[in-house]
Asker: 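Here it is, the structure, as structure tokens.
Just so you know, these numbers use all the heavy atoms, side chains as well, and skip hydrogens, waters and symmetry mates. Keep in mind that what you see is a predicted model, and the values were worked out from it rather than measured.
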Amino acid sequence: MNNKQKLSVLIVYAIVAVVYLVCFLAIPFERTSAFWISFVFGLISIIVGCGLACYAFNNDGIKSKLYGFPVFRLGYVYTIIQIIVSFTISFICSSYKVSNWIPIVISVILLAFTLIGVVAVDNAKDIIEKQEIQDAYKTKTVETFRVNIDSLRNRSADSEINKAIEKLAEEFKFSDPVSNDAVKEIEMLINSKVTELKNAINDSAVCLPLISEISDLLKERNAICKASK
């Protein structure tokens with residue numbers, strides 16, 4: 001969240017706070033202890049909602065905003081519900097005696113559920129982000145192979161080698177993108193063979209057997225990936 005967005009959030013919650021204060025102080029409620037307790041918890045909900053909005057979108061990026069939205073939603077929903085509860089109890093206080101424990105218990109439960117929800121959502125966000133990092137790491141090897149093979153397209157003076165590389169590139173394109181421990185050894189071997197291929201790009205006597213060998217290794221790798229799922 002940039003400074004302009006933070007300012008917008010602060011302005012919105014400031015407006016809510018002003019309207020809340022004016023309504024609470026202008027309406028002739030019975031000024032009992034339960035009234036003041038409800039009033040204070042309403043203010044707390046506005047502060048908490050504003051804080052959660054700033055926290056939810058604290059980091060830049062689309063994913064951060066997407067993951068932060070549930071926290072933001074918890075914040076404003078809590079603020080709305082608490083304000084409704086505060087006004088409701090204040091109206092009741094004008095006609096009936098309301099024990100102090102009623103607004104305290106209701107408001108504390110609302111705040112507790114909100115904070116528990118924030119912790120749960122935040123932990124879920126961390127788990128998802130870690131999983132995405134792991135998935136990106138697992139697909140990095142095959143992506144590197146694809147880039148290396150693509151860089152060899154039409155690099156050779158021999159048209160037969162170029163055709164074979166085109167076919168190999170297609171095989172990498174449709175290979176299983178996710179690596180695992182079972183294929184580490186064979187991927188190291190493929191990497192070694194791809195390096196050899198780069199160094200012998202114009203030598204058909206070396207290149208063509210290497211391409212065939214890499215293709216066989218790739219098929220073996222894909223079979224292991226399939227069997228290990």
Asker: Can you give the donor-acceptor pairs under 3.5 Å from side chains of residues 28-53 to other protein atoms, not counting sequence neighbours?
Answerer:
{"from": "Arg31", "atom 1": "NH1", "to": "Ile27", "atom 2": "O", "distance (Å)": "3.4"}
{"from": "Arg31", "atom 1": "NH1", "to": "Phe29", "atom 2": "O", "distance (Å)": "2.9"}
{"from": "Arg31", "atom 1": "NH2", "to": "Leu25", "atom 2": "O", "distance (Å)": "3.2"}
{"from": "Thr32", "atom 1": "OG1", "to": "Phe35", "atom 2": "N", "distance (Å)": "3.2"}
{"from": "Ser38", "atom 1": "OG", "to": "Ala34", "atom 2": "O", "distance (Å)": "2.9"}
{"from": "Ser45", "atom 1": "OG", "to": "Gly42", "atom 2": "O", "distance (Å)": "2.6"}

Asker: Going only through I, L, V, M, F, W and Y residues with side-chain contacts under 4.5 Å, is there a path from Tyr20 to Leu10?
Answerer: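 No, it is not one cluster - the side chains of Tyr20 and Leu10 are not joined through contacts under 4.5 Å.
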Asker: Are Val119 and Val121 connected, step by step, through hydrophobic side chains (Ile, Leu, Val, Met, Phe, Trp, Tyr) whose heavy atoms are closer than 4.5 Å?
Answerer: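 No.
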Asker: Can you tell me how far the CG atom of Asn199 sits from the CG atom of Leu210, to the nearest 0.5 Å?
Answerer: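 CG of Leu210 is found 10.0 Å from CG of Asn199.
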Asker: Judged by modelled atom types alone, do Glu187 and Ser179 share a side-chain donor-acceptor pair under 3.5 Å?
Answerer: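 Side chains of Glu187 and Ser179: pair found under 3.5 Å.
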Asker: Grab the two heavy atoms, one from Asn154 and one from Asn162, that are nearest each other, plus how far apart they are.
Answerer: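 Residues Asn154 and Asn162, closest heavy atoms: CA-OD1, 3.4 Å.
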Asker: Show the nearest heavy-atom pair for residues Asn222 and Ser175, with the distance to one decimal.
Answerer: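 Shortest heavy-atom contact: ND2-OG, 3.3 Å.
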Asker: May I ask you to decide if Leu208's main-chain N or O and Ser212's side chain share a donor-acceptor pair within less than 3.5 Å?
Answerer: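 No, the answer is negative, given that no donor and acceptor are paired below the 3.5 Å cut-off.
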Asker: If you take all heavy atoms of Ile149 and Leu168, which pair is closest and at what distance?
Answerer: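 Scanning both residues completely, I find the closest heavy atoms to be CD1-CD2, 3.9 Å.
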Asker: Please determine which of Glu220, Glu171, Lys167 meets the side chain to side chain donor-acceptor pair (under 3.5 Å) test together with Ser215.
Answerer: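 Exactly one option meets the side chain to side chain donor-acceptor pair (under 3.5 Å) with Ser215, and it is Glu171.
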Asker: Sequence neighbours excluded and cut-off under 3.5 Å, please list the side-chain donor-acceptor pairs for residues 105-114, or say none.
Answerer:
{"from": "Ser107", "atom 1": "OG", "to": "Gln82", "atom 2": "OE1", "distance (Å)": "3.4"}
{"from": "Ser107", "atom 1": "OG", "to": "Gln82", "atom 2": "NE2", "distance (Å)": "3.2"}
{"from": "Ser107", "atom 1": "OG", "to": "Pro103", "atom 2": "O", "distance (Å)": "2.7"}
{"from": "Thr114", "atom 1": "OG1", "to": "Leu110", "atom 2": "O", "distance (Å)": "2.9"}

Asker: What residue pairs, at least two apart or across chains, pass salt bridge (Lys or Arg N to Asp or Glu O under 4.0 Å) with a residue in residues 203-214?
Answerer: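 As it turns out, the salt bridge (Lys or Arg N to Asp or Glu O under 4.0 Å) pairs with a partner in residues 203-214, which skip direct neighbours, are Lys193-Glu213.
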Asker: Work out which heavy atom in Val178 is nearest to a heavy atom in Arg221; give both atom names and the distance.
Answerer: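 So the minimum-distance heavy-atom pair works out to O-NH2, 3.4 Å.
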Asker: Just verifying a value: how many Å separate Ile190 CD1 and Leu197 CG, rounded to the nearest 0.5 Å?
Answerer: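 Taking CD1 in Ile190 and CG in Leu197, the distance rounds to 12.5 Å.
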Asker: Would you mind reporting whether Tyr76 and Tyr13 have side-chain heavy atoms less than 4.5 Å apart?
Answerer: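 Answer yes - side chains close enough.
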Asker: Is it the case that more than 12 heavy atoms not belonging to Glu170 sit under 6.0 Å from its CD atom?
Answerer: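 Yes - once you tally the heavy atoms of other residues, nucleotides and ligands closer than 6.0 Å, there are more than 12.
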Asker: For Met188, is there any backbone N or O sitting under 3.5 Å from a side-chain donor or acceptor partner on Ser192?
Answerer: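 A pair under 3.5 Å: no.
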Asker: May I ask you to test the Asn148-Leu152 pair for a side-chain heavy-atom distance under 4.5 Å?
Answerer: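 They are not in contact (no side-chain heavy atoms under 4.5 Å apart), so the answer is no.
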Asker: Under 4.5 Å between side-chain heavy atoms, counting indirect links through other Ile/Leu/Val/Met/Phe/Trp/Tyr residues: same cluster for Ile116 and Tyr78 or not?
Answerer: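 In one cluster: no.
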Asker: Could you tell me the separation between the CZ atom of Phe172 and the CD1 atom of Ile214, rounded to the nearest 0.5 Å?
Answerer: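 Taking CZ in Phe172 and CD1 in Ile214, the distance rounds to 6.0 Å.
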Asker: Specify the closest pair of heavy atoms between Cys207 and Asn202, including all atoms of both residues, with the distance to one decimal.
Answerer: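 Closest approach of Cys207 to Asn202: SG-N, 4.4 Å.
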Asker: Nearest 0.5 Å please: distance from the CZ atom of Arg146 over to the OG1 atom of Thr141.
Answerer: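 With rounding to 0.5 Å, CZ (Arg146) is 11.5 Å from OG1 (Thr141).
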Asker: Is it true that Phe72 and Tyr55 have ring centroids separated by less than 6.0 Å?
Answerer: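 Not under 6.0 Å, so no.
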Asker: About how many Å separate CD1 of Ile224 and CD1 of Ile186, when rounded to the nearest 0.5 Å?
Answerer: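 That separation rounds to 4.5 Å.
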Asker: Hydrophobic clusters here meaning ILVMFWY residues chained together by side-chain heavy-atom distances under 4.5 Å, can you tell me if Ile83 and Val18 are in one?
Answerer: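 No, it is not one cluster - the side chains of Ile83 and Val18 are not joined through contacts under 4.5 Å.
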Asker: Quick check on Glu196: does its CD atom have over 12 non-hydrogen neighbours (other residues, nucleotides or ligands) under 6.0 Å away?
Answerer: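 Buried by this count: over 12 neighbours within 6.0 Å.
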Asker: Do Val147 and Val142 belong together in a cluster built from hydrophobic side chains that touch within less than 4.5 Å?
Answerer: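 In one cluster: no.
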Asker: For the CG atom of Leu74 and the CZ atom of Phe69, what is their distance to the nearest 0.5 Å?
Answerer: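 Rounded to the nearest 0.5 Å, the CG-CZ separation comes to 10.0 Å.
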Asker: If we ignore hydrogens and angles and just use 3.5 Å, is the side chain of Ser156 paired with the main-chain N or O of Ile201 as donor and acceptor?
Answerer: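 A pair under 3.5 Å: yes.
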